[in-house]
Undergrad: 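Next up is a structure, given as structure tokens.
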Amino acid sequence: MLRSHTCGELKFEDVNKEVTLTGWVQKVRDKGGLIWIDIRDRYGITQLLLEDGRSDSEVVKTARQLGREYVIKASGKVIERVSENPNLATGRIEIDLTGLDILNSSITPPFTIEDDTDGGEELRMKYRYLDLRRQPLRKNLELRNRLSIETRKYLDDQKFFEIETPYLIKSTPEGARDFVVPSRMNEGQFYALPQSPQTFKQLLMVAGYDRYYQLVKCFRDEDLRADRQPEFTQIDCEMAFVEQDDILSTFEGMVKYLFKTVKGIDIPELPRMDYADAMKFYGSDKPDIRFGMKFVELNDVAQNKGFKVFDDAELVVGFVADGCAEYSRKQLDKLTEFVKKPQIGAKGLVYVKCNEDGSFKSSVDKFFDQDALKSWSDKISAKSGDLLFVLSGEKDKVRKQLNELRLEMGNRMELRDPNVFAPLWVVDFPLLEWDEDSKRYHAMHHPFTSPKPEDISMLDTKPGEVRANAYDLVINGVEIGGGSIRIHDRDLQKLMFKHLGFTDEEAQDQFGFLLNAFEYGAPPHGGIALGFDRLTALFGGQDSIRDFIAFPKNNSGRDIMIDSPSIIADDQLDELNLKVTV
RNA sequence: GGUCCAGUGGUGUAGCGGUUAACAUGUCGGUCUGUCACACCGAAGAUCGCGGGUUCAAUCCCCGUCUGGACCGCCA
């Protein structure tokens with residue numbers, strides 16, 4: 001080793017030790033007679049001291065050649081500082097330098113390597129290896145590392161078995177777009193990268209590995225978001241001989257364990273909310289339950305009073321924002337503008353101020369008298385000083401719109417504290433979802449999800465109302481994971497494929513291996529997959545997963561550091577029998 | 001596929017139809033024996049993303065384009 005210690009570990013007790021440190025030059029403070037050098041590695045920062053006249057003149061000379069990010073080896077004696085720095089872990093000591101070697105020089109980095117860097121996002125991505133030297137990024141990756149270790153510990157304790165599944169698999173048309181990989185040895189044929197190891201983990205259940213897990217990369221060729229990358233990591237799990245409750249309690253245990261060991265937070269029992277209630281009371285299948293503002297439906301008190309907009313609506317629904325009756329016209333206009341944005345698409349926003357004197361002031365005073373407004377306020381359990389928001393329209397749309405407004409108000413009222421964690425299970429998802437484009441139902445979760453036995457009879461008559469044994473883990477309004485009890489019966493699986501519009505031939509062609517496997521004693525099984533990047537970002541208190549991934553892609557799916565994707569050479573294309581047409 | 005925002009010294013920003021293009025930070029030189037966001041003095045550093053248009057005059061206004069970011073669609 002070139003060093004005896006790291007830059008983060010020397011303490012007052014180490015005074016008088018002869019040490020050698022290696023690292024990068026964070027900063028040189030040359031006061032003329034005294035020179036301080038901050039040396040940094042991933043463990044911390046230690047201050048080195050030189051005194052002109054007393055220290056070795058060659059060492060002083062070397063020190064004066066140093067620039068930011070030079071790599072150095074520094075030797076000397078640990079001494080107590082004359083003036084301590086309480087902000088630094090090593091702030092009580094410094095190294096009285098007797099030796100200094102430049103191991104490598106550095107050109108001036110394009111941005112400052114500090115917690116609060118001056119670098120913009122694009123530049124930091126281009127020089128990601130420099131950005132990763134910064135403490136905030138390092139802390140994020142440390143958090144990720146810690147979470148992966150604790151995840152493995154928990155699952156190992158629960159007798160889960162980590163098994164790797166292949167990355168070069170078979171493309172299927174269901175679900176997200178596949179990334180494909182041309183096969184050189186099989187002309188004109190392609191592998192696909194897995195969107196998830198779904199079928200493999202089910203085959204492992206058939207094989208008898210009754211508790212499987214894997215921290216695994218998954219790939220989806222869809223547009224990116226702050227919380228979506230084309231390659232991402234899942235904690236992928238599957239269990240055999242279980243029912244839904246067994247899976248929920250096992251992974252509720254994991255959630256609690258991770259919060260306890262990594263964040264020191266005790267999480268109480270996770271509430272379970274069925275999908276229908278989540279939509280009804282929060283307008284979302286991933287409700288943020290850190291705060292209230294539950295929806296209240298107002299059809300019976302708000303309709304048939306002559307306000308055509310409400311009378312014509314399928315649903316009139318609102319919520320109360322505590323203590324916001326003082327909102328100004330300007331603020332209310334802003335919120336109206338917000339819900340009318342094309343991405344949200346509401347036609348307008350009705351508000352009712354519950355004044356301190358017991359009177360009401362609304363945007364629809366023309367149509368509703370004080371008694372009518374009071375009936376709304378009573379129904380919605382508002383107090384004086386509160387503000388009601390009401391939207392109306394087609395049920396599904398208006399719920400979605402009101403959800404956006406609720407989250408916006410949650411932000412404005414600072415009710416979405418990143419240090420508060422409110423996990424819950426959303427259960428009883430619909431099995432099927434109508435798709436306007438293809439004019440058919442498709443699986444809401446995936447085609448291997450089992451319907452609730454009592455709902456199977458509705459598959460033919462009311463397919464949209466069939467519920468699945470499917471569940472999501474939601475924390476702070478973020479979908480962290482989802483899973484289901486799978487179908488393990490060949491006939492039921494075939495029936496499902498039929499309802500999803502597959503012919504027998506298509507089902508056999510694409511999933512024959514699974515249907516065949518189900519002939520050989522498939523146990524009842526189910527599982528879950530958690531988004532590891534999202535979980536890490538959530539623990540780190542951020543919405544974007546990018547800074548919790550060492551080398552992420554940008555908005556357009558590009559890695560601007562290595563400049564990928566890129567074109568490939570003609571002979572490479574020839575070998576793969578590919579022709580590029582753009 | 002769509003909507004919105006941004007692009008100005010190395011970096012982050014300000015700015016304005018006519019400017020010596022401002023500020024901070026970084027860089028370089030100097031002074032300084034207790035700094036740690038060191039301080040102070042001085043210097044260098046910008047075809048204002050690219051192309052076209054309007055105008056006597058464009059970094060500024062308009063159109064296009066590229067790049068980046070946020071979002072909708074999409075994400076079984």
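Residue numbering restarts at 1 for every chain, and letters A, B, ... go by the order of the sequence lines.
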Undergrad: What pairs meet the side-chain hydrogen bond (donor to acceptor under 3.5 Å, both in side chains) rule with one or both residues in residues 524-533 of chain A, with sequence neighbours excluded?
TA: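 side-chain hydrogen bond (donor to acceptor under 3.5 Å, both in side chains) check on residues 524-533 of chain A returns A:R144-A:D533, A:Q202-A:H525.
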Undergrad: Could you run down the sub-3.5 Å N/O contacts of the protein with nucleotides 22-24 of chain B?
TA:
none

Undergrad: Scan every strand shown for a Watson-Crick or G-U wobble partner of B:U27, both distances under 3.5 Å, and answer none if you come up empty.
TA: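 Its partner is B:A43.
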Undergrad: Determine, for nucleotides 65-74 of chain B in 5'-to-3' order, which nucleotides have protein heavy atoms under 4.0 Å from the base (write B), from only the sugar-phosphate (write S), or from neither (write -).
TA: --SSBBBBBB
Undergrad: Run the side-chain donor-acceptor check on residues 339-347 of chain A: report pairs under 3.5 Å with partners two or more places apart or on a different chain.
TA:
none

Undergrad: Any N/O pairs under 3.5 Å between the protein and nucleotides 42-45 of chain B? List them or say none.
TA:
none

Undergrad: Any side-chain donor-acceptor pair under 3.5 Å between A:E436 and A:W434?
TA: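 A:E436 vs A:W434: donor-acceptor pair found between side chains.
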Undergrad: Do any N or O atoms of the protein come closer than 3.5 Å to N or O atoms of nucleotides 8-10 of chain B, and which pairs are they?
TA:
residue	atom	partner	partner atom	Å
B:G10	N2	A:D118	OD2	3.3

Undergrad: In Watson-Crick or G-U wobble terms, both distances under 3.5 Å, what is the partner of B:U3?
TA: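 Partner of B:U3: B:A70.
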Undergrad: Restricting to side-chain contact (heavy atoms from CB on, under 4.5 Å), what partner residues turn up for A:I169, sequence neighbours left out?
TA: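 side-chain contact (heavy atoms from CB on, under 4.5 Å) list for A:I169, sorted by chain: A:P166, A:P194, A:F200.
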Undergrad: Which part of the nucleic acid, if any, lies within contact of A:E433, taking any heavy atom under 4.0 Å across all strands shown: a base, the sugar-phosphate backbone alone, or nothing?
TA: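 Nothing, no nucleic acid heavy atom in range.
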Undergrad: Given the C1' atoms of B:U19 and B:C60, what is the spacing between them in whole Å?
TA: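 Taking atom C1' in both B:U19 and B:C60, they lie 12 Å apart.
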Undergrad: Name all residues meeting the side-chain contact (heavy atoms from CB on, under 4.5 Å) criterion together with A:S450; count only those two or more places apart in sequence or in a different chain, and write none if there are none.
TA: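 Checked A:S450 against side-chain contact (heavy atoms from CB on, under 4.5 Å); matches are A:N469, A:I485, A:I487.
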Undergrad: Sugar-phosphate atoms are those with a prime plus P, OP1 and OP2; base atoms are the rest. Using that split, label each nucleotide of nucleotides 30-40 of chain B B, S or - for protein heavy atoms under 4.0 Å, 5' to 3'.
TA: --BBBBBSB--
Undergrad: Given that both distances must come in under 3.5 Å, which nucleotide forms a Watson-Crick or G-U wobble pair with B:A22?
TA: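 Its partner is B:U13 (Watson-Crick or G-U wobble, both distances under 3.5 Å).
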Undergrad: Quick one: list whatever passes ring pair (Phe, Tyr, Trp, His ring centres under 6.0 Å) with A:F389, sequence neighbours left out.
TA: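 Residues passing ring pair (Phe, Tyr, Trp, His ring centres under 6.0 Å) with A:F389: A:F319.
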Undergrad: Can you sort out the partners of A:F429 under ring pair (Phe, Tyr, Trp, His ring centres under 6.0 Å), two or more places apart, ordered by chain and number?
TA: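 A:F429: ring pair (Phe, Tyr, Trp, His ring centres under 6.0 Å) contacts with A:Y275.
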Undergrad: Who passes side-chain contact (heavy atoms from CB on, under 4.5 Å) against A:Q195, sequence neighbours left out?
TA: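 side-chain contact (heavy atoms from CB on, under 4.5 Å) check on A:Q195 returns A:A176, A:D178, A:R220.
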